[in-house]
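A short write-up of the structure that comes next.
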Amino acid sequence: MPELPEVEIVKQSLSKNIKFKKIKKVTVRNRNLRIKVSSNFETCLENKNIVKITRFSKYIIIHLSNKSFCIVHLGMSGTIHLIKNNQKKKLTNLSFYHSLTLPKKHNHIEIKFENCIIIYNDPRRFGFFELIKNQEELNKRFSKFGPEPFSNLFSLSYIRKYFKNKKKDIKSFLLDQKFVSGIGNIYASEILFLCQINPQKKAHRLNKEECRKIIYYSKLVLNKAIKFGGSTIKDFKNISGNSGLFQNEFKVYQRENLKCLKYRCPGKINKKNILNRSTFFCNICQK
DNA sequence: AAGAGGCCCTGATAGC
DNA sequence: TGCTATCAGGGCCTCT
């Protein structure tokens, strides 16, 4: 599911609803996520306050009152649902939240607060919850990640230096979190379309102007997606159950065989597998 | 070091 | 209806 914009939306709604609240009770139904949920997970969270919630790349970072952290990655299919107590009260039977629109299966983790519960649901179990002891460990955890597109570190000189002698295609680099953090498969295609760069172009062949465009359009696309509440392809929702709208703005993603949307371009959108991920582009205006 | 490929897992959909 | 194959928004690991 989630790339940087979707994770940002989840972070914002979590922040709105559970910041400053105390964790009352944690229930883990299935520990076998991508990384096994540690055996002390519940006790490390229970009775701690949420100090704040931040995000780096596609990771949600929950800051706990004892200076430790819990980082959450949603993988491909992870979603977080918020159930408010008053919603529960409205139900006439006692089947709790399951009678709401919430998926019944794959609710792996529940975190209860005074007035609400958040539920982590993840059919494919590619996501994970990981405890981090302190700030130093947190820094270490993300030390091998490249900068976010919004960062000043994602600069022309950084990119040009990085791409020197790199013979892999540019699409693969946009997906490579060591190069830049937070871009996933959808937004990589969208960014390259706006740059008018063919996704199969070798990184070391990009000129200065093209590198500038990558910086500019990476920021633009991600910011716009956040404004639109993220993209809902299959089932992405913010934690209150609302869909994003950015999928309506896609220029190439899932537009195979449709007309290129660039003004006066006679091209059609092609679909091709790059690194086993479907990639969409116009083979006329993207060079 | 860099790049290609496999793999973790379930579910939706397409084709027979 | 029911089988099988393919594909999904991610990222880690291994091999060359």
Side-chain angles (χ1 to χ4, degrees), chain A residues 1-11 29-37 55-60 71-80 102-109 120-130 141-146 148 161-192 199-205 221-222 225-226 228-238 243-256 271-280:
Chain A
M1 168 195 59
E3 304 184 31
L4 186 152
E6 290 74 35
V7 177
E8 174 64 22
I9 297 303
V10 172
K11 181 217 98 181
R29 298 223 153 75
N30 188 347
R31 308 193 98 86
N32 295 315
L33 303 184
R34 159 125 217 180
I35 297 173
K36 200 165 181 107
V37 178
R55 178 193 57 71
F56 176 72
S57 183
K58 303 169 190 174
Y59 295 76
I60 293 163
I71 62 176
V72 181
H73 195 289
L74 303 173
M76 294 275 257
S77 58
T79 48
I80 294 178
L102 192 68
K104 289 179 180 64
K105 285 176 82 175
H106 311 298
N107 284 349
H108 305 310
I109 296 179
Y120 179 70
N121 181 280
D122 187 357
R124 290 174 74 179
R125 287 188 274 120
F126 281 7
F128 56 83
F129 283 60
E130 190 180 345
R141 181 67 175 74
F142 291 123
S143 63
K144 51 187 185 304
F145 283 66
E148 288 196 349
K161 200 171 157 191
Y162 201 97
F163 283 173
K164 208 165 181 180
N165 300 322
K166 295 287 201 298
K167 292 177 179 65
K168 223 173 20 167
D169 52 80
I170 176 62
K171 163 80 179 333
S172 304
F173 279 108
L174 290 186
L175 291 185
D176 184 347
Q177 308 295 304
K178 288 191 292 302
F179 168 60
V180 60
S181 294
I183 299 175
N185 200 41
I186 295 179
Y187 297 114
S189 282
E190 294 296 314
I191 290 164
L192 288 172
Q200 294 174 99
K201 189 161 185 173
K202 304 300 169 207
H204 70 110
R205 309 204 65 131
V221 168
L222 297 183
I226 292 170
F228 276 77
S231 303
T232 298
I233 302 300
K234 269 174 109 171
D235 55 5
F236 169 73
K237 300 272 189 343
N238 68 20
S243 296
L245 291 170
F246 191 74
Q247 65 282 5
N248 303 324
E249 306 296 312
F250 289 161
K251 301 282 191 278
V252 288
Y253 189 78
Q254 288 185 338
R255 293 196 65 252
E256 190 183 9
K271 178 179 173 181
K272 191 160 191 166
N273 267 9
I274 296 182
L275 263 181
N276 245 335
R277 314 297 295 277
S278 50
T279 305
F280 297 83

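Every chain is numbered from 1, with letters handed out A, B, ... down the list of sequences.
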Let me know the distance between [atom1] of [X] and [atom2] of [N], rounded to the nearest Å.
{"X": "A:Leu74", "N": "C:dG10", "atom1": "CG", "atom2": "P", "answer": "11 Å"}
{"X": "A:Leu175", "N": "C:dC12", "atom1": "CG", "atom2": "P", "answer": "13 Å"}
{"X": "A:Glu190", "N": "C:dG9", "atom1": "CD", "atom2": "P", "answer": "13 Å"}
{"X": "A:Ile35", "N": "C:dG10", "atom1": "CD1", "atom2": "P", "answer": "16 Å"}
{"X": "A:Leu275", "N": "C:dG10", "atom1": "CG", "atom2": "P", "answer": "12 Å"}
{"X": "A:Lys164", "N": "B:dA1", "atom1": "NZ", "atom2": "C1'", "answer": "16 Å"}
{"X": "A:Ile274", "N": "C:dG11", "atom1": "CD1", "atom2": "P", "answer": "18 Å"}
{"X": "A:Glu256", "N": "C:dC7", "atom1": "CD", "atom2": "P", "answer": "11 Å"}

**Message:** Check whether A:Tyr162 forms a cation-pi arrangement with A:Lys166 (NZ or CZ under 6.0 Å from the six-membered ring centre, at most 45° off the ring normal).
**Reply:** yes

Just to confirm, is there a sub-4.0 Å distance from OP1 or OP2 of [N] to any side-chain nitrogen or oxygen of [X]?
{"X": "A:Lys168", "N": "B:dA2", "answer": "no"}
{"X": "A:Lys167", "N": "B:dG3", "answer": "no"}
{"X": "A:His73", "N": "C:dG10", "answer": "no"}
{"X": "A:Arg277", "N": "C:dA8", "answer": "no"}
{"X": "A:Tyr59", "N": "C:dG10", "answer": "no"}

**Asked** With rounding to whole Å, what would you report as the distance between B:dG5 and C:dC7 at their P atoms?
**Response** 15 Å

**Item:** Gap in Å between the two P atoms, one belonging to B:dA1 and one to C:dG11, rounded
**Value:** 22 Å

**Item:** Enclosure of A:Lys272 NZ (heavy-atom neighbours >12, cutoff 6.0 Å)
**Value:** no

With a 4.0 Å cut-off on heavy atoms, is [X] in touch with a base, just the backbone sugar-phosphate, or nothing at all?
{"X": "A:Phe128", "result": "nothing"}
{"X": "A:Phe173", "result": "sugar-phosphate"}
{"X": "A:Lys271", "result": "sugar-phosphate"}

**Message:** Give the dot-bracket line for DNA chain C from 5' end to 3' end: parentheses for intra-strand Watson-Crick or G-U pairs under 3.5 Å, square brackets for crossings, | for inter-strand pairing, dots for unpaired.
**Reply:** .|||||||.|||||||

Contacts of [X] that satisfy side-chain contact (heavy atoms from CB on, under 4.5 Å) - sequence neighbours left out:
{"X": "A:Ala188", "result": "A:Lys171, A:Leu174, A:Leu175, A:Ile183"}
{"X": "A:Asn32", "result": "A:Asn30, A:Lys36, A:Arg125"}
{"X": "A:Lys167", "result": "A:His204"}

**Message:** I'd like to compare against my own output: the B/S/- annotation of nucleotides 6-12 of chain B with a strict under-4.0 Å heavy-atom distance to protein.
**Reply:** --BBBS-

**Asked** Less than 4.0 Å between a side-chain N and a carboxylate O, is that true for A:Glu130 and A:Arg141?
**Response** yes

**Prompt:** Considering only side-chain heavy atoms of A:Ser278, which listed nucleotide, C:dA8, C:dG11, B:dG3, is closest?
**Reply:** C:dA8

**Request:** Name all residues meeting the salt bridge (Lys or Arg N to Asp or Glu O under 4.0 Å) criterion together with A:Arg55; count only those two or more places apart in sequence or in a different chain, and write none if there are none.
**Result:** A:Glu8, A:Glu148

**Message:** Do A:Thr79 and A:Tyr120 pair up side chain to side chain, a donor and an acceptor below 3.5 Å, judged on atom types alone?
**Reply:** no

**Item:** Spatial distance of atom OG (A:Ser189) from atom NZ (A:Lys251) [nearest 0.5 Å]
**Value:** 13.5 Å

**Request:** Decide if the gap between the ring center of A:Tyr59 and the ring center of A:Phe56 is smaller than 6.0 angstrom.
**Result:** no

